[in-house]
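Everything quoted here is computed from the prediction, not taken from an experiment. Chain identifiers are assigned alphabetically (A, B, ...) following the order of the sequence lines, protein sequences preceding nucleic acid strands; residue numbering begins at 1 within each chain.
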Amino acid sequence: MAETLILLTIGLPWLGALLTWAAGDQHPRLQHTLAVAFSLAAGMAALLLIPFGKDQILVTFPVGGAFGDFTFSPDGLGVFLAAIATVIGSLAVIFSVDYMRGEAQLGRYYAFVLFFIGAMVGLVLTTNLLLMFVFWEITALTSYALISFHNDDPKAVAGGIKALIITQFGGLGLLIGALVLFSNTGSYDILTFINNPAVLPAGALAWMAFGCLAAAAAKSAQFPFQTWLPDAMEAPTPISALIHAATMVNAGVYLLARFFPAFEGVPGWREAVMAVGMLSALLAAIMAMVATDLKRVLAYSTVSQLGYMVFAIGAGGVFASQFHLLSHSVFKALLFLGAGAVIHAVGTRDMREMGGLGQKMPFVRLVFVIGALALAGLPILNGFWSKELILEAGLEHGNPLWMLIIMLVVSGLTAFYTFRMVWLVFYGQPRSEVHAHDAGTAMKVALAPLALGTLTTWLLAGSFARLLSESLPAHEIAAHPTAEILLEVVTAPVTWVALLVIGLGLLAWWQRERLMGISKALTGLKNLALNSFGFEAINRGVVLGMQNSAEKLRDTQTGMLNWNVAYLLIALILVLAVLALGVG
Amino acid sequence: MTLSIPTIVTIIVLGLIGIGIYALLTTRHLIKVIVALQLLVKGAMLALVLAGYLTGQQDLGQSLAITVIIADTIVAVIGMALAVQVRRVIGTLDLRSLTSLRR
Amino acid sequence: MEANTAFLLAVGLPLLASPVIYLIGRLAERGNLKIELARWLALIALLVDGYFLFIAGQAFIASNHDLLVSIGAVSLRLDGIALLLAAAVLVLGTLVTIFSGPAVARENGRGMYFALLTAMIGTMIGLGAADDLFNLWVWFECMALCSYMLVAFHHHEAPALEAGVKYLVQSALGTVLVLLGIGLVFASTGSLDLDEIRMAAHPSTMLLGAGALFVIGFGVKSALVPLHTWLPDAHSQAPSGISAMLSGVVIEAGLIAMLRSLGALHLVTVSWGALLLGFAAINMLVGNLMALRQTQVKRLLAYSSLSHMGYILLGVGAGALMGAQNSAAGGFFHILTHAMMKGSAFLAAGALLYCLHQANGNHDPLVIDDLNGASRKYPLAAFAFSVAVLGLGGLPPLAGFMSKWQIFVGGFQTGNSWIMALVVFAGLNSVLSLGYYAPLVNRLYRHQPAEIVEHGQSIPVFMALPLLLLTLGVVLLGFWPSLADGITNPAAQSLLMLFGG
């Protein structure tokens with residue numbers, strides 16, 4: 001039964017991709033229908049798979065040789081992410097019915113979305129590291145194809161290629177990890193490795209650990225690879241919601257969580273993970289405070305929240321990080337889709353041209369505010385509970401206190417930029433003449449469940465903990481019932497400090513005119529943030545460097561036959577020299 | 001000082017190859033390039049004959065030489081045909097004019 | 001049919017058929033016949049030849065024994081390497097023959113084209129199976145001879161002529177160096193038979209020099225950097241089917257000739273594998289950097305062949321040096337997948353070149369700007385090109401990823417830090433290559449077609465068919481890489497025996 005469900009959860013989206021593409025762009029309604037149908041079917045299959053999470057099953061397709069056997073295991077970590085990918089995936093597809101109405105080349109769009117969903121499910125369910133890498137790369141391919149969907153827009157194409165190159169570059173870390181594992185143990189099996197990381201010599205284990213950290217950082221847009229995510233916002237907004245908020249970027253966090261028992265013993269690894277998470281959270285939050293593009297604010301906020309999750313893993317709180325992953329997927333998808341409704345209605349992404357939209361778009365304002373409250377971390381929304389759990393984890397296991405303090409400060413910054421965003425878009429006076437209408441039916445159908453989820457997923461805390469604890473023995477996760485978890489959060493001192501900081505953040509925005517002085521003093525910091533703290537400059541430098549050296553190298557192809565002959569003779573002499581030295 | 005046959009032949013071989021290489025490196029005329037190639041091949045062919053002599057298999061050496069001559073003649077013919085065509089289509093046999101394909 | 005006869009026929013049939021094809025082609029041209037006899041004859045010859053090879057190959061794999069055949073002084077051995085090269089050559093050659101039908105349909109000298117193509121295929125099969133050093137040279141030279149006129153096929157256009165001339169001169173120089181090497185080997189060991197040489201070889205300066213000459217001499221043909229300067233010109237100016245053959249199998253045949261001759265000298269020094277690895281690094285980097293800034297599509301693809309030769313060298317080099325089975329198998333697997341992907345890319349580019357330029361009578365090269373929005377009018381060609389190019393960039397679930405993976409695995413399994421570093425370098429190069437492959441795909445799928453696309457002719461069926469087949473193959477091998485094990489593993493074993501003793 002589990003085997004069939006796994007095949008369905010991966011296979012149905014892929015079949016849907018093929019069929020939607022084959023249906024042809026002359027039949028858009030058929031394409032919309034097929035896409036929605038198959039993504040919903042996949043969602044149902046994934047949800048049906050959840051109960052199997054407690055049994056430790058293994059599904060195997062033997063291939064052998066240098067490729068290992070293709071194995072899948074529906075454990076707690078995998079099934080919940082598979083469920084997120086498919087359920088939010090289907091909501092994004094439903095949203096697309098309205099958002100992409102009338103667009104050309106829909107077949108390509110839906111095919112890649114469905115292809116992505118299947119690959120994401122495969123990524124989290126497989127226990128063969130090579131196969132995980134294959135799915136990892138497929139998600140990168142589909143992400144690139146969808147970011148640059150509007151091929152005629154140079155910014156979209158540039159954003160897509162940038163995302164591709166950066167995530168591929170980081171992905172080499174995962175490649176090295178898989179190669180190290182296979183060449184030392186002859187197998188790609190993740191579960192055996194996690195249960196006994198000592199099969200790898202210490203040096204190899206360290207390479208693998210830091211390689212996976214690099215790959216995870218690139219995929220989850222963490223420091224120092226965060227530059228691709230803001231540019232990826234050129235993608236159609238349902239894609240930003242699905243891929244760049246709720247699923248693909250979580251792959252990095254998933255990777256770290258999955259391999260945590262194996263790598264936690266590597267000297268310096270946990271500290272490095274915490275540092276990466278903390279820096280990403282801090283820098284991205286500051287950049288979100290000054291950004292004017294609505295989607296960019298959300299992008300930076302995604303980087304920041306992922307930073308929380310990464311920090312949590314480094315701090316030893318795997319459950320906390322996964323719980324926040326669940327909350328974040330739901331409320332961030334909600335925020336992105338809500339932003340999509342706004343952008344679709346208004347025609348611009350620039351918040352400076354919005355304002356007062358709440359009156360014309362009451363439904364969107366409602367759901368957006370729910371998502372925003374969750375992001376800021378206000379009780380009783382899901383974001384509050386999970387973020388507090390992370391902060392608590394930061395206090396345990398002998399983790400450095402100063403990092404926790406910074407994470408607390410970031411909570412305040414988060415509240416600030418969140419309310420800034422909500423205010424600029426929905427409240428105040430309209431700053432330009434825009435014709436806004438409320439969201440269409442399909443959009444509402446997609447937004448409502450997400451809003452509901454934001455209000456309720458925290459109730460699953462206990463069952464979720466139990467699922468993880470039973471299916472991931474190596475992770476040593478404690479399973480407490482929901483009520484106990486919630487009580488723990490409410491009574492922890494950290495929670496109250498955090499609420500205080502969030503309150504300060506709110507206050508800062510509300511009283512922003514009075515704080516003008518401070519604002520002016522921080523102009524230097526603001527400019528740094530607007531220039532992404534120099535990371536974009538580094539990016540540009542690398543690209544230009546490559547291109548310039550390539551241009552100069554072209555001059556060696558002189559076109560003069562005499563030169564070509566000369567090269568030949570020089571090579572001969574060099575080879576003879578090398579041989580003479582080698583033997584002598 | 002009497003030089004043995006192998007030494008003489010070796011010197012000739014090296015000489016032919018040297019002249020051929022020098023010509024390939026310095027000449028600007030396409031026909032001279034083809035001729036230089038011919039010199040090189042003849043040098044290599046002589047080397048094969050010499051090798052046959054040194055190992056006592058002169059028959060083998062000779063048949064190798066004949067095969068090389070045949071193969072190389074075809075190369076020469078094709079090369080000359082192309083050179084003629086270059087003269088017709090491009091108008092000159094100067095290598096400096098054959099540089100439209102660069103970078 | 002008896003296996004040895006089948007093997008002999010597999011080598012000989014294309015060579016015998018070639019003059020027949022030429023004569024009949026000339027007669028058909030003169031007589032203004034409507035049916036293109038030359039092209040159909042060539043196709044039939046190749047398909048029959050494929051059948052013979054299949055029989056011989058099956059016998060070889062089943063018995064795990066090399067097939068040995070000789071006629072007079074020509075001795076042939078069907079081992080794993082020979083089978084792999086022959087399979088690649090025949091598959092790609094047949095598809096190119098189908099493609100070339102419409103491509104050269106209205107040109108003069110098409111009888112010669114098909115005759116030379118068939119002959120070139122035959123010589124390559126012979127080259128792979130050569131068991132004697134001088135025989136190897138003769139097959140190599142014959143292959144080169146066939147290719148000279150094919151590269152300069154458009155001999156009324158200056159660029160093609162220029163490319164052909166430079167190719168001829170450099171290639172001839174290479175074969176001269178090989179000849180000198182043969183002379184040294186002959187003088188030193190007294191034999192030309194590869195097995196006898198292997199047993200008689202011992203460390204000596206003459207043999208070291210011979211080996212160096214082999215590396216450089218064959219290296220010209222297998223596009224080692226800095227011997228590659230003829231390649232961008234020849235591969236971009238040749239008719240597109242020939243470009244596909246050149247990039248897909250001819251340079252690989254050069255590599256195999258080099259491996260055969262170096263294998264015979266493997267007792268002289270262990271450095272051969274290290275040399276190959278050194279060239280691998282240089283090829284990868286130079287190929288990618290040069291391709292990055294190209295504006296002509298076929299020239300870009302030509303430069304990228306350099307870097308793929310680098311990956312292949314990494315695989316076979318590690319196999320030769322360290323006896324790594326997976327490296328060698330991966331290298332040979334990459335020869336297969338590269339032939340399919342690069343072949344598909346060149347054929348797709350050729351199809352677009354035909355429809356956008358040649359069918360409208362102009363002789364301009366295909367530039368990247370011509371690709372804008374081409375997918376709207378030429379969906380199959382665009383899709384084939386995208387699949388090919390993304391596969392070349394190493395993205396799953398396509399074949400290129402799988403072959404590169406096998407090479408990487410093999411490299412890490414050697415445990416040698418230099419080779420592992422080289423594998424990481426290869427991975428970096430793969431990422432870099434996406435920087436010039438991906439934008440091509442983006443251009444194809446633009447909504448707004450280029451002007452030239454709007455005036456383009458429709459794509460002939462026989463050009464579309466090979467594209468379809470190659471694309472299917474690339475995707476299939478991407479999902480089931482082990483389908484190729486039957487051919488790549490014997491080849492790897494043959495290589496290891498060549499270099500390990």
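The nearest pair of heavy atoms linking Leu82(B) to Ala152(C) is CD2-CB, 3.7 Å. Contact record, Val89(B) with Ala158(C): CG1-N, 4.0 Å, taken as the closest heavy-atom pair. When every heavy atom of Leu173(C) is checked against every heavy atom of Leu37(B), the shortest pair comes out as N-CD2, 3.9 Å. Between Val176(C) and Ala44(B), the shortest heavy-atom distance links the atoms O-CB, 4.2 Å. Closest approach of Thr55(B) to Ala187(C), counting heavy atoms only: CG2-O, 3.5 Å.
Here the side chain of Gln85(B) pairs no donor or acceptor atom with the backbone of Leu161(C) at under 3.5 angstrom.
Between chain C and the options Leu54(B), Leu48(B), Val13(B), Val33(B), the largest number of non-hydrogen pairs under 4.5 Å is found for Leu48(B). Contact count versus chain C (heavy atoms, under 4.5 Å) is highest, among Leu60(B), Ile34(B), Asp72(B), for Leu60(B). Between chain C and the residues Arg88(B), Gln57(B), Met45(B), the most heavy-atom pairs under 4.5 angstrom are made by Gln57(B). With chain C as partner, the option from Ile21(B), Val49(B), Ile74(B) having the largest number of non-hydrogen pairs under 4.5 angstrom is Ile74(B).
Proximity to chain B (any heavy atom under 4.5 Å) is shown, for Arg293(C), by neither the backbone nor the side chain. Looking at Val41(B), the atoms closer than 4.5 Å to chain C (heavy atoms on both sides) sit in the backbone and in the side chain alike. Looking at Phe186(C), the atoms closer than 4.5 Å to chain B (heavy atoms on both sides) sit in the backbone and in the side chain alike. Neither the backbone nor the side chain of Ala73(C) has a heavy atom closer than 4.5 Å to any heavy atom of chain B. When heavy atoms are compared at a cutoff of 4.5 Å, Leu177(C) does not approach chain B at all. There is no contact between Leu50(B) and chain C, counting heavy-atom distances below 4.5 Å.
Taking 4.5 Å as the limit, every side-chain heavy atom of Leu40(B) sits out of range of all side-chain heavy atoms of Leu180(C). Side-chain atoms of Leu192(C) and Leu64(B), non-hydrogen and from C-beta on, do get closer than 4.5 Å to each other.
The contact list for residues 93-103 of chain B toward chain C, using heavy atoms and a distance under 4.5 Å, reads Leu98(B), Thr99(B), Ser100(B), Leu101(B), Arg102(B), Arg103(B) by residue number. Chain B is approached within less than 4.5 Å, heavy atom to heavy atom, by Trp137(C), Val138(C), Glu141(C), Leu145(C), Tyr148(C) from residues 137-148 of chain C, ordered by number.
In this structure, the separation between CD1 on Ile90(B) and CD on Glu157(C) is 11.5 Å, given to the nearest 0.5 Å.
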